[in-house]
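Take a look at the structure set out below.
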2 protein chains.
Amino acid sequence: MAASTLTEVARLAGVSPATASRVLNGSARKPGKDIAERVRQAADSLGYIPNAQAQGLAKSSSGLIGLIVHDIADPYFAAIARGVQEAAREQRRMVLLATTGGAPGEEKEAVAAFAARRADSIVIAGSRSSRAEDREDNAELAAELDRYCRNGGQVAVVGHPVVGAAAPEGYHVVAVPNQELAADLAVELAARWDGDFVIIAGPEGLFTSDDRVRGFQEGLTRAGRGPAEVLRSSFNRDGGYQAGLQLAARITAGGPDGGGLGIFAVNDVMAIGAAAALRAEGLRIPRDARIAGFDDIETLRDFRPALSTVSLPLEDIGRLATRATAPRHADDDGQPAPPVTGRVTLRRSTEAAAG
Amino acid sequence: MAASTLTEVARLAGVSPATASRVLNGSARKPGKDIAERVRQAADSLGYIPNAQAQGLAKSSSGLIGLIVHDIADPYFAAIARGVQEAAREQRRMVLLATTGGAPGEEKEAVAAFAARRADSIVIAGSRSSRAEDREDNAELAAELDRYCRNGGQVAVVGHPVVGAAAPEGYHVVAVPNQELAADLAVELAARWDGDFVIIAGPEGLFTSDDRVRGFQEGLTRAGRGPAEVLRSSFNRDGGYQAGLQLAARITAGGPDGGGLGIFAVNDVMAIGAAAALRAEGLRIPRDARIAGFDDIETLRDFRPALSTVSLPLEDIGRLATRATAPRHADDDGQPAPPVTGRVTLRRSTEAAAG
DNA sequence: CTGTTAGCGCCTTCAG
DNA sequence: CTGAAGGCGCTAACAG
């Protein structure tokens with residue numbers, strides 16, 4: 001990775017490195033027109049590309065923003081990543097990507113790596129966990145973040161704060177009203193179906209999942225219904241599929257669930273998995289089971305029967321998180337970011353007119 | 001972004017910075033055990049995190065790998081990104097992400113930005129274009145890449161070489177047999193449907209799209225059939241939807257296409273869009289039209305009717321591209337990467353038993 | 001407005 | 001095996 005340096009450019013242009021720096025990179029001070037032109041020509045003819053590492057070292061700021069997701073191929077994270085990327089581009093920063101599979105230990109590593117690269121800010125998407133097994137890692141993650149912030153780093157977390165993290169300067173949370181929206185969804189569904197509900201959830205301790213479960217139960221209560229049974233499995237398509245198989249067996253067996261079921265999967269991907277399982281067992285939606293998800297993943301919208309869900313502005317969330325970590329401008333009204341809002345989106349998968 | 005420095009650690013440990021460096025970061029030379037322990041403790045108590053920028057400056061290599069995609073939220077790119085990310089982690093490197101919407105001008109910018117950050121290598125995914133309007137930008141992109149390689153950078157391109165790029169040291173192409181596979185697909189489809197075929201393609205000049213179109217026509221010829229009509233629209237879900245609407249109108253109107261149609265969309269996302277359009281117009285698949293895509297996107301596999309397609313090992317492709325740019329090891333047999341292979345995957349969307 | 005002088009934090013020769 | 005010195009490429013204070 002050798003390349004021509006600023007010094008070479010300066011020499012070619014017959015000026016000092018400082019002057020060359022001033023014309024080539026943004027400086028408050030403007031060198032003379034003629035000189036500037038000569039420098040620019042020299043730079044051009046040498047194919048000069050500033051060394052961002054050196055600039056970063058000198059200015060102690062890197063123009064880098066670190067993004068932490070569970071899995072970039074998961075459409076939920078991919079959508080957020082798109083928003084982050086867009087905002088980053090607006091701010092003329094580049095994004096560094098880290099995937100962790102959701103393990104707090106890995107997240108801690110990622111934060112350290114970002115800190116090492118002197119990323120100006122870090123966006124953490126993806127559910128935090130409060131499982132006992134993660135306690136220690138969570139504590140380390142919190143400590144790492146804390147240190148990062150104390151050193152001037154900006155952090156934005158999507159959804160929930162990191163467990164045990166203090167809230168130092170530079171620590172922002174983009175709150176997502178998972179619980180409220182899940183409650184709204186439950187109310188709507190309860191108005192359209194008076195049989196039993198079952199919730200397909202992720203592992204206990206995942207905040208996003210837990211919030212949605214809690215909200216849904218709350219909504220049922222509000223609608224005068226008893227709480228739904230909760231089935232736990234992994235927080236992805238296969239988890240939904242497994243749970244779906246169980247439910248299919250019940251429905252098929254007749255019994256209390258033979259009349260059908262209202263299913264709420266805590267995210268769209270799981271809902272799709274569950275739907276696939278039901279179908280594989282010969283059941284039909286919404287005839288034999290109504291099913292709803294959460295997120296309103298774009299790629300899944302052409303799915304049939306169209307999935308009832310809660311629409312979340314995933315891209316905006318990424319954008320907001322990124323903006324929250326941006327250096328404050330003068331023309332910045334200093335207002336906290338607008339809160340994230342979502343809305344219940346009912347589609348065919350929970351349609352009343354079933355038989 | 002202040003943080004404790006190596007010098008501070010050294011001072012605390014009562015040794016020279018050089019020694020501290022040797023124990024903390026990988027050096028061939030091993031300081032004494034006692035000394036090493038003291039340094040490590042000092043580092044620990046200070047929460048020392050090495051400054052990668054400074055390390056990069058000194059070693060002139062950054063441990064960064066740049067990834068260029070059209071859109072990270074597109075499942076095709078997301079899958080490749082996952083592979084890149086995995087390989088990067090194996091090599092203990094971090095990935096820098098850039099999205100370009102496929103515009104060669106943006107890609108050139110991205111390459112320059114990566115070069116500025118002194119990324120050790122760059123992976124370019126996403127179709128290159130040979131459209132006249134892109135000529136100039138393509139040339140600049142090629143020049144930029146060329147310079148990057150000459151400066152010691154490693155480049156891997158997925159699918160096609162960049163238009164007009166020389167093939168200097170460090171320039172690798174991960175070839176994807178789009179044409180062959182499309183031909184195979186055509187042969188299989190032709191064996192199962194003897195009506196007309198129509199191809200829903202991306203804009204002319206997109207290599208990936210063009211290759212698949214060409215291959216499909218070739219396959220038809222091989223099967224003793226005449227060439228299919230080609231409908232062009234944008235290379236995404238909406239493009240597929242638009243084209244689907246047109247085809248639906250034809251089929252509905254009866255006429256020559258009233259008996260049904262065999263549709264090949266050059267990628268899964270477009271195929272899903274087209275299917276959605278047909279359905280919206282009251283048509284059914286595969287009864288009124290058979291439809292096939294390309295890529296075998298994971299998220300789309302639960303789609304019904306299940307989409308016939310060509311399976312591509314997207315993650316592997318990302319991994320291979322990344323590995324191709326890795327510094328050569330001693331135990332490296334120097335073999336070129338294994339070629340990418342795919343296979344035709346027939347599912348219900350093109351099933352013969354329709355009526 | 002330009003040039004000179006110091007570093008930014010680290011690694012890597014080179015002596016000791 | 002350790003320490004001292006120089007430099008990676010650039011910017012930010014100072015002088016002139």
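Reminder, nothing fancy here: chain letters follow the sequence lines and each chain counts from 1.
Remark: P of D:dG7 and CG of A:Leu6 are 18 Å apart, rounded to the nearest angstrom. For the pair A:Leu46 CG and D:dG9 P, the interatomic distance rounds to 14 Å; values are reported in whole Å. Note: CD (B:Glu8) to P (C:dG9) measures 8 Å, nearest angstrom. Between B:Lys59 atom NZ and D:dG6 atom P there is a gap of 23 Å when expressed in whole angstrom units. In this structure, the CG atom of A:Asn51 is 10 Å from the P atom of D:dT11, given to the nearest Å. Taking atom CD on B:Gln53 and atom C1' on D:dT11, their separation rounds to 13 Å, with Å as the unit. Atom-to-atom, OH of A:Tyr48 to C1' of D:dG9 comes out at 7 Å; the value is rounded to the nearest Å. Counting to the nearest Å, the C1' atom of C:dG9 and the CD1 atom of B:Ile49 are 14 Å from each other.
When the side-chain nitrogen and oxygen atoms of B:Ser21 are compared with OP1 and OP2 of C:dC10, none of them lie within a distance under 4.0 Å.
B:Pro17 comes within 4.0 angstrom of no nucleic acid atom, judged by non-hydrogen atoms across all strands.
Although no hydrogens or angles enter the test, the distance criterion places a donor-acceptor pair under 3.5 Å between the side chain of B:Thr325 and the main chain of B:Thr322. A distance-only check finds no donor-acceptor pair linking the side chain of A:Ser121 to the backbone of A:Ile65 [under 3.5 Å].
Side-chain atoms of B:Ala54 lie closest to C:dG9 of the nucleotides D:dG9, C:dG9, D:dG3. Side chain of A:Ser16, nearest nucleotide from C:dC11, D:dC10, C:dT4: C:dT4.
For the residue pair B:Arg93/B:Ser62, the side-chain donor-acceptor check at 3.5 Å is not satisfied.
Mapping B:Ala18 and A:Gln55 onto DNA chain D by nearest heavy atom places B:Ala18 at the nucleotide closer to the 5' end. Nearer to the 5' terminus of DNA chain D, by closest-nucleotide assignment, is the contact made by B:Gly14 (compared with the other of B:Gly14 and B:Leu57).
A donor-acceptor contact under 3.5 angstrom links the side-chain atoms of B:Arg22 to the base of D:dG3.
Taking a cutoff of 4.0 Å between a charged side-chain nitrogen and a carboxylate oxygen, B:Lys108 and B:Asp137 do not qualify as a salt bridge.
Results of the side chain to side chain contact (heavy atoms under 4.5 Å, CB included) test with A:Ile68 over A:Thr99, A:Val111, A:Val123 single out A:Val111 as the only residue that passes.
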